[in-house]
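Single-structure report; data block below.
We count ligands from 1, going down the list as the structure has it; atoms in each ligand are counted the same way.
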Amino acid sequence: SKENGRNCFSFYFEELKTDSNRVLALDGELRKAIENREFTLAFQPKICVETQNIIGLEALVRWKSEKLGFVSPAEFIEYAEESGLIIPLSEIIFELACEGYHKLVAAGYPKVPIAINVSSIHFQQQSFLESVQTILERNNTSAQNFEIEVTERTVMNTAQETISKLVKLKQLGFKLSIDDFGTGYSSLSYLVRFPLDVLKIDRSFIQHICSLDDKQAIVDAIIQMAHRLQIKVVAEGVENVQQVELLRSMGCDFIQGYYYSKPLPMDELIDFIHFWEVEHQG
Ligand code: C2E
Ligand code: CA
Ligand code: CA
Ligand code: CA
């Protein structure tokens with residue numbers, strides 16, 4: 001029966017999560033993968049609601065392990081954070097993003113910033129700014145071509161150090177976004193202290209936006225307040241045209257989600273951009 005099926009599934013899932021063999025395998029495989037640089041990036045476009053232009057891309061790490069198969073970043077990033085492997089992994093991700101940027105330029109596409117997700121562990125490192133600058137220089141590119149996505153949780157740390165790091169990133173030329181907004185219980189009045197460009201409303205608010213009035217009210221309020229503070233808004237996880245239309249009516253600036261495109265490998269992304277530009281005539 002359906003009931004049995006569900007029990008079987010959740011049992012299987014729990015078993016995977018707590019299986020210490022898997023954790024051990026993950027540890028060994030991740031170390032090897034970092035040594036051998038077995039990662040790639042997928043890029044997801046962000047679309048401007050008003051102009052339909054692609055205004056940016058988000059880089060999302062992908063790992064296909066020989067032994068474990070495809071492992072979701074939700075799983076291995078968390079593990080990498082706990083084990084400290086996130087530092088070398090983050091550096092690989094930055095390098096790959098720089099490569100991605102050069103490929104995009106070589107393909108002749110308009111320059112849009114590539115957003116990189118920065119783990120709070122990496123962000124909090126004393127050497128964070130220096131390591132990022134070194135990678136940019138080594139790859140002959142500059143901060144203007146990139147955006148940094150930090151989660152609301154990362155910046156909720158009130159330390160003056162956090163604020164000054166964000167200010168320095170901004171001075172270097174990075175755009176700054178707050179990721180997963182709405183999940184970390186911070187208020188916009190609190191975020192005003194940070195030099196933010198963009199706020200990304202978490203998918204959990206967008207998911208039921210058409211059927212749940214309270215989600216709709218929250219998203220509407222976030223957009224209005226962000227705009228009063230000169231901050232742009234991205235809606236994450238948009239999957240259908242009803243959501244697009246509702247978000248448009250609320251004045252949301254940018255949309256990212258499967259409705260437009262899944263995250264794509266660079267080659268496929270270049271095809272997508274080409275198709276998109278033909279459809280929308282530049
Ligand atoms: P995130 O930063 O919030 O990224 C958005 C996630 O939502 C991505 O999952 C993306 O593939 C997925 N997504 C995008 N549009 C839709 C949609 O319309 N519907 C649904 N259901 N999902 C959508 P992904 O790539 O599996 O990444 C999961 C999380 O892993 C990310 O959440 C981020 O927290 C972390 N992550 C991924 N790549 C990196 C990375 O390079 N560095 C770091 N530090 N974390 C990363
Ligand atoms: Ca993100
Ligand atoms: Ca997010
Ligand atoms: Ca998320």
Q: Could you check which N/O/S atom of E58 is closest to the Ca ion (ligand 2)?
A: OE2

Q: Return yes if a side-chain donor-acceptor contact under 3.5 Å exists between D253 and H227, otherwise no.
A: yes

**Q.** Per-residue contact class, K200 against ligand 1 - non-hydrogen pairs under 4.0 Å
**A.** neither

Q) What part of D180 sits under 4.0 Å from ligand 1 if we count only heavy atoms: the side chain, the backbone, both or neither? A) side chain

(Q) At less than 3.0 Å, would any N/O/S atom of D180, backbone or side chain, sit next to the Ca ion (ligand 3)? (A) yes

Q.
Counting only heavy atoms closer than 4.0 Å, does ligand 1 sit against the backbone of D179, its side chain, both, or neither?
A. side chain

Q: Check ligand 1 against I93 and write out every atom of the ligand that is under 4.0 Å from a heavy-atom position of the residue.
A: 40 (C), 41 (O), 42 (N)

Q) Just wondering, is there an N, O or S atom on S177 that's nearer than 3.0 Å to the Ca ion (ligand 2)? A) no

Q) Do E58 and N117 have side-chain N/O donor and acceptor atoms under 3.5 Å apart? A) yes

Q: Starting from the Ca ion (ligand 3), look over the N/O/S atoms of D179 and name the nearest one.
A: OD1

**Q.** Reference residue S177; test side-chain hydrogen bond (donor to acceptor under 3.5 Å, both in side chains); the match among K200, K232, E149, E147
**A.** E147

(Q) Could you tell me, atom by atom, which parts of ligand 1 come under 4.0 Å of a heavy atom of G237? (A) 16 (C), 17 (C), 18 (O)

Q. Hey, is K262 one of the residues with a heavy atom under 4.0 angstrom from ligand 1?
A. no

Q: Answer with side chain, backbone, both or neither: which part of R62 has a heavy atom less than 4.0 angstrom from an atom of ligand 1?
A: side chain

Q. Relative to ligand 1, is I77 under 4.0 angstrom through side chain, backbone, both or neither, heavy atoms considered?
A. side chain

Q) Among the heavy atoms of Q256, does any lie under 4.0 Å from an atom of ligand 1? A) no

Q) Are P263 and ligand 1 in contact, using a heavy-atom cut-off of under 4.0 Å? A) yes

Q.
Looking at ligand 1, would R203 count as a contact under a 4.0 Å heavy-atom criterion?
A. yes

